[in-house]
Peer 1: 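Quick one: structure below, then a few questions.
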Amino acid sequence: MSAYNAIYAIVQQIPYGQVATYGQVAELANLPRRARLVGYALFRVAPEMDVPWHRVINAKGEVSESPVRYGSDHLQRSLLEAEGIEFSPEGRINLRMYRWQGLVDAD
DNA sequence: GCCATGACGGAGC
DNA sequence: TGCTCCGCCATGG
C-alpha cells in the first residue's frame with residue numbers, strides 16, 4: 001500500500017465534466033506540496049484501474065502529456081472535450097470554470 | 001545507500 | 001504575460 005492509493009481515491013472522486021490540478025489532488029490526498037508525486041502516481045496508474053486520470057491537469061490549466069504514456073497523445077484532451085470541457089486555442093482549460101471544488105469526505 | 005530524474009507549484013524577474 | 005529557478009520527495013539504477 002502506498003500513498004498513491006489515496007491519490008487514486010481522490011482522482012476517482014472527480015465528478016464528470018470537472019477537473020482538478022495536481023496540487024489540489026495532492027492536498028486532498030493529505031499530501032500537501034507533493035504535486036509531483038501525484039503526477040508520478042498517475043503515470044504509474046494502470047488503464048485497468050478505473051481512474052479518470054485525464055481529469056487531472058497542472059496548475060496552468062494545461063494537460064500534461066508524456067511522450068510515452070499509453071500510446072495516446074491527445075487522448076486526454078479528447079476525453080475532456082467529450083465531457084463538455086472547452087479548451088482555449090492555446091490548449092488550456094478555464095480552471096475557474098471547470099475546477100473541481102474538491103469535496104473532502106472525512107479526515 | 002547515494003545520485004539523478006520527474007504528468008508539478010509557486011515565487012521571482 | 002511568459003520564462004526561469006528552486007523546492008519537495010518518492011522511485012529506479
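In what follows, every chain begins at residue 1, and chains take the letters A, B, ... in the order their sequences are listed. Treat the numbers as computed from the prediction; the structure is a model and nothing was measured.
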Peer 1: A/Leu75 has an atom CG; how far is it from atom P of B/dA7, in whole Å?
Peer 2: 17 Å
Peer 1: Grab the CG-C1' distance between A/Leu95 and B/dC8 for me, whole Å please.
Peer 2: 13 Å
Peer 1: Around atom CD of A/Glu27, are there more than 12 heavy atoms from other residues, nucleotides or ligands closer than 6.0 Å?
Peer 2: no
Peer 1: A/Ser64 side chain: which of C/dC8, B/dA7, C/dG2 is closest?
Peer 2: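 Per side-chain heavy atoms of A/Ser64, the pick is B/dA7.
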Peer 1: In whole angstrom, what separates A/Tyr8's OH from C/dA10's C1'?
Peer 2: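 Distance check: A/Tyr8 OH to C/dA10 C1' gives 12 Å.
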Peer 1: Out of B/dA7, C/dC9, C/dT11, which has the shortest distance to the side chain of A/Tyr40?
Peer 2: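 Nearest to the side chain of A/Tyr40 among the choices is C/dT11.
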Peer 1: Taking A/Val38 as the fixed residue, which of A/Tyr22, A/Trp53, A/Phe43 is the one that meets the side-chain contact (heavy atoms from CB on, under 4.5 Å) rule?
Peer 2: A/Tyr22
Peer 1: Quick one: A/Phe43 CZ to B/dT5 C1', roughly how many Å, whole number?
Peer 2: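 After rounding, the reported distance stands at 12 Å.
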Peer 1: With a non-hydrogen cut-off below 4.0 angstrom, is A/Arg36 in contact with a base, only sugar-phosphate, or nothing?
Peer 2: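 Contact class for A/Arg36: base.
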Peer 1: Please report, rounded to the nearest Å, how far the P atom of B/dA7 is from the CD1 atom of A/Ile7.
Peer 2: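 In whole Å, B/dA7 P and A/Ile7 CD1 are 15 Å from each other.
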Peer 1: Between P on B/dC8 and CZ on A/Arg34, what's the gap in Å once rounded to a whole number?
Peer 2: 17 Å
Peer 1: Among A/Val25, A/Asp50, A/Val51, find the one that has a side-chain contact (heavy atoms from CB on, under 4.5 Å) with A/Tyr8.
Peer 2: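 Among A/Val25, A/Asp50, A/Val51, the one meeting side-chain contact (heavy atoms from CB on, under 4.5 Å) with A/Tyr8 is A/Val51.
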Peer 1: Quick one: which of A/Arg77, A/Glu83, A/Gln76 gives a side chain to side chain donor-acceptor pair (under 3.5 Å) with A/His54?
Peer 2: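 Looking at A/Arg77, A/Glu83, A/Gln76, the match for A/His54 under the side chain to side chain donor-acceptor pair (under 3.5 Å) is A/Glu83.
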Peer 1: Would a single hydrophobic cluster contain both A/Leu31 and A/Ile10, if residues Ile, Leu, Val, Met, Phe, Trp and Tyr are joined by side-chain heavy-atom contacts under 4.5 Å?
Peer 2: yes
Peer 1: Does A/Glu90 or A/Tyr4 map to a spot on DNA chain C nearer the 5' end, using the closest nucleotide for each?
Peer 2: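 Final value for this comparison: A/Glu90.
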Peer 1: Shorter than 3.5 Å, N or O on both sides, protein versus nucleotides 9-13 of chain B: list them out with atom names.
Peer 2:
| unit_1 | atom_1 | unit_2 | atom_2 | d |
| --- | --- | --- | --- | --- |
| B/dG9 | OP1 | A/Gly23 | N | 3.4 |
| B/dG9 | OP1 | A/Ala59 | N | 3.0 |
| B/dG9 | OP2 | A/Ala59 | N | 2.7 |

Peer 1: Can you confirm whether A/Ile57 sits close enough to A/Tyr98 that some side-chain heavy atom of one is under 4.5 Å from a side-chain heavy atom of the other?
Peer 2: no
